[in-house]
Amino acid sequence: MKSFIFVNKQQAKTYSIFTIISVILAVFIFSNLDTFINKHVAYLLVTILSFISIMVSVKKAGKEFAEIIIENESVKFYYFNKMKAPFIISKREISASLDNDKLEFKNLKSGEFIGRVYKNRIDEVAKWDDLLACFRNI
């Protein structure tokens, strides 16, 4: 049994633009600057941007792995999205492709995208080569 753990650092950078826009609009809401934007419209925009940020975060967490466990001929993928059940599949049914320190997995039978992992997010960098070796033999 081999286990590969990944951390979700650097995900906060993805959503910083939504945060910056929300903060600027929040300043308009709580100040008396009615000349630039209506408070009701600003509040609506902050709410919409917050919702978009949360949905993008959940969608991205559902495509990236927190842990990969390889046992004999089966692979168990655990997603960062804790509400998504672990995905268990045979090694023979997986297609793995390496692209610029990013490893993506697809289901060979259905062609469905399973998920991805990044080299800079692996807990122990030395295990990256072991992970690649496990999926080169497919």
Side-chain angles (χ1 to χ4, degrees):
M1 179 177 116
K2 293 184 179 182
S3 176
F4 304 95
I5 298 173
F6 300 89
V7 293
N8 62 349
K9 62 182 178 182
Q10 297 177 346
Q11 281 187 329
K13 293 180 183 177
T14 307
Y15 314 110
S16 61
I17 188 69
F18 293 119
T19 305
I20 291 169
I21 294 172
S22 295
V23 167
I24 291 170
L25 289 175
V27 168
F28 284 123
I29 290 172
F30 296 114
S31 65
N32 291 326
L33 301 174
D34 289 334
T35 57
F36 293 112
I37 192 168
N38 188 351
K39 287 184 181 180
H40 301 293
V41 174
Y43 183 74
L44 178 66
L45 290 175
V46 168
T47 306
I48 291 171
L49 287 173
S50 298
F51 177 75
I52 290 171
S53 177
I54 291 169
M55 290 296 108
V56 167
S57 172
V58 168
K59 185 176 179 181
K60 193 168 188 175
K63 293 181 180 179
E64 294 180 6
F65 302 125
E67 184 175 9
I68 298 174
I69 298 176
I70 302 171
E71 296 178 357
N72 299 330
E73 287 299 313
S74 70
V75 181
K76 188 182 282 189
F77 297 103
Y78 290 91
Y79 294 94
F80 279 120
N81 184 353
K82 300 297 182 195
M83 296 188 71
K84 193 170 183 178
F87 187 72
I88 303 169
I89 191 168
S90 172
K91 280 176 85 172
R92 287 175 261 137
E93 297 177 14
I94 298 173
S95 166
S97 62
L98 180 65
D99 181 37
N100 293 337
D101 295 335
K102 174 176 64 172
L103 189 60
E104 292 186 342
F105 299 96
K106 290 186 180 180
N107 189 334
L108 282 176
K109 290 183 177 179
S110 66
E112 181 180 336
F113 180 76
I114 298 172
R116 71 177 59 97
V117 292
Y118 296 93
K119 182 178 180 179
N120 64 348
R121 293 185 185 172
I122 195 163
D123 194 30
E124 298 175 33
V125 180
K127 284 189 167 185
W128 180 255
D129 292 330
D130 292 339
L131 178 65
L132 294 177
C134 289
F135 291 103
R136 277 193 189 121
N137 301 331
I138 301 175

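Treat the numbers as computed from the prediction; the structure is a model and nothing was measured.
The environment of K106 atom NZ is sparse: at most 12 non-hydrogen atoms of other residues, nucleotides or ligands sit within 6.0 angstrom. The 12-atom threshold is exceeded at CE of M55, counting heavy atoms of other residues, nucleotides or ligands nearer than 6.0 Å. Summarising the local packing, CZ of F113 is surrounded by more than 12 heavy atoms from other residues, nucleotides or ligands at distances under 6.0 Å.
The OG atom of S3 sits 9.5 Å away from the CD atom of E71 when rounded to the nearest 0.5 Å. For the atom pair CG of L131 and NZ of K2, the computed distance is 9.5 Å after rounding to the nearest 0.5 Å. Interatomic distance, CZ of F77 versus CD of E64, reported as 14.0 Å (0.5 Å rounding). The CD atom of E93 sits 8.0 Å away from the CG atom of L108 when rounded to the nearest 0.5 Å.
Hydrophobic clustering (side-chain heavy atoms under 4.5 Å, transitive across Ile, Leu, Val, Met, Phe, Trp, Tyr) groups F135 together with L98.
Counting heavy atoms from C-beta on, the side chains of I94 and I89 come closer than 4.5 Å. Under the 4.5 Å side-chain criterion, counting only non-hydrogen atoms from C-beta, F4 is not in contact with V117.
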> Do L103 and L132 pass the side-chain contact (heavy atoms from CB on, under 4.5 Å) test, and can you show the C-alpha distance, the side-chain angles, and the key distance before you say yes or no?
Replying inline: CA-CA 8 Å; L103 189 60; L132 294 177; 4.1 Å; yes

>> Set out, in order, the CA-CA distance, both residues' side-chain angles and the distance that settles side-chain contact (heavy atoms from CB on, under 4.5 Å) for Y79 and I114, then state yes or no.
In response: CA-CA 10 Å; Y79 294 94; I114 298 172; 3.6 Å; yes

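Contact record, K84 with G62: NZ-O, 2.8 Å, taken as the closest heavy-atom pair.
Listed by first and then second residue, the salt bridge (Lys or Arg N to Asp or Glu O under 4.0 Å) pairs that reach into residues 122-131 come to none, sequence neighbours excluded.
The pair E73-K91 does not count as a salt bridge, with every side-chain nitrogen at least 4.0 angstrom from each carboxylate oxygen.
Side-chain heavy-atom separations under 4.5 angstrom define the hydrophobic clusters, and the remaining members of the one that includes M1 are I69, Y78.
Just one of F105, F87, F6, Y118 meets the ring-ring contact (aromatic ring centres under 6.0 Å, His included) condition when paired with F65; it is F105.
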